[in-house]
Amino acid sequence: MREVISIELPEKILTKTGIETLWFYTILEKGIAVKSGFTDGCLEEIIESEKAIQARKILTDYFSGKRTSFEEIDFKLDLSKFTTAILIEVARIPYGTVATYGEIAARIQSRAYRAVGQALKRNPLPVIIPCHRVVGKSGIGGYSSDLRIKTALLDLEGVLL
DNA sequence: TTGAATCACATAT
DNA sequence: ATATGTGATTCAA
C-alpha cells in the first residue's frame with residue numbers, strides 16, 4: 001500500500017525562507033518512508049495505516065519545533081553502497097548539530113568529501129535524513145531543494161553558523 | 001584567490 | 001568496457 005502525507009509548513013518557517021507557500025510531502029510504502037521532498041502545492045493525501053498517521057504527527061511536530069528526532073520513522077534506501085553508507089551516517093547527526101562534508105566522509109573511512117555532496121544530492125528523504133545538517137567547513141554548503149529551506153531548517157534547530 | 005587533490009557517478013565513446 | 005567531465009569540498013600556497 002502506498003500512502004502520501006502532505007504538510008503545509010508553518011508561518012514561522014516560511015517567514016525565514018521568504019517563500020510564500022511550501023509543502024512537505026512524504027510517500028510511504030507499507031508504512032516505510034521511501035520518498036520525501038518539498039513542493040509549492042498540496043498533494044492529494046492517502047493516509048490509512050497507523051504508521052502513516054504517526055509519521056504525519058512526527059513531521060508536523062518537527063516543523064513546529066516540538067519534536068527533535070525521527071527515530072520512529074522507518075525508511076528504505078535503494079542506492080549504491082557508498083551513497084547508502086553516507087546517508088545512514090547523516091541520519092545519525094543529532095538534532096541541532098552539524099557535520100562537515102569532510103567529517104562525514106571520514107566516518108565512512110573515506111576521503112571522498114566531494115562525493116559526499118553528490119550522495120546528499122541523491123537523498124530521496126530530505127528532512128527525515130537530515131542532509132541539511134551537513135555543511136561546508138567554511139560556509140553553509142549547498143542544498144538541492146532550495147538553499148533557503150536549508151537555512152530555515154538550521155534556524156529552526158537553533159544552529160548558528 | 002588560485003590551483004591541486006580526490007573519488008563516486010553520469011555520460012559519452 | 002573504458003574515458004572524460006563534474007561537483008552541495010578542502011587545503012595549502
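When reading the values below, keep in mind they use all heavy atoms of this one structure, side chains included, and skip hydrogens, waters and symmetry mates. What you see is a predicted model; the values in this text were computed from it and never measured.
- Residues A:V116 and A:I108 fall within the same hydrophobic cluster, defined by Ile, Leu, Val, Met, Phe, Trp and Tyr side chains chained together at heavy-atom separations under 4.5 Å.
- Between the CD1 atom in A:I58 and the OG1 atom in A:T26 there is a gap of 10.5 Å [rounded to 0.5 Å].
- Among C:dT10, B:dC7, C:dA8, the nucleotide with an atom closest to any side-chain atom of A:T100 is C:dT10.
- Pairing for C:dT10 is with B:dA4, a Watson-Crick or G-U wobble pair whose two hydrogen-bonding atom distances lie under 3.5 Å.
- The closest side-chain heavy-atom distance from A:Y62 to A:L153 is below 4.5 Å.
- Remark: C1' of B:dA8 and NZ of A:K121 are 11 Å apart, rounded to the nearest angstrom.
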Practice item. Apply side chain to side chain contact (heavy atoms under 4.5 Å, CB included) to the pair A:Y25 and A:T39, showing each step before the final yes or no. Key: CA-CA 7 Å; A:Y25 73 90; A:T39 69; 3.5 Å; yes
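- In this structure, the OH atom of A:Y113 is 19 Å from the P atom of C:dT6, given to the nearest Å.
- Between the CZ atom of A:R114 and the C1' atom of C:dA8 there is a distance of 10 Å, rounded to whole Å.
- Separating the CD1 atom of A:I104 from the P atom of C:dA8 is a distance of 17 Å, rounded to the nearest angstrom.
- A:K137 comes within contact range of the sugar-phosphate backbone alone, with a heavy-atom separation under 4.0 Å but no base atom that close.
- Under the 4.5 Å side-chain contact rule for hydrophobic residues, A:V4 and A:L9 do not share a cluster.
- Rounded to a whole Å, the OH atom of A:Y101 is 17 Å from the C1' atom of B:dT6.
- At whole-Å resolution of the value, CZ in A:R122 and C1' in B:dA10 are 8 Å apart.
- Within residues 80-96 of chain A, the residues approaching DNA chain B are A:S80, A:F82, A:T83, by heavy-atom distance under 4.0 Å.
- Put simply, CG on A:L120 is 13 Å from P on B:dC9, counting in whole angstrom units.
- The pair A:K51-A:E3 does not count as a salt bridge, with every side-chain nitrogen at least 4.0 angstrom from each carboxylate oxygen.
- Inter-residue side-chain proximity for A:L28 and A:I47 is flagged as unmet; no heavy-atom pair is nearer than 4.5 Å.
- Between A:Q118 atom CD and C:dT6 atom C1' the separation is 7 Å, expressed in whole Å.
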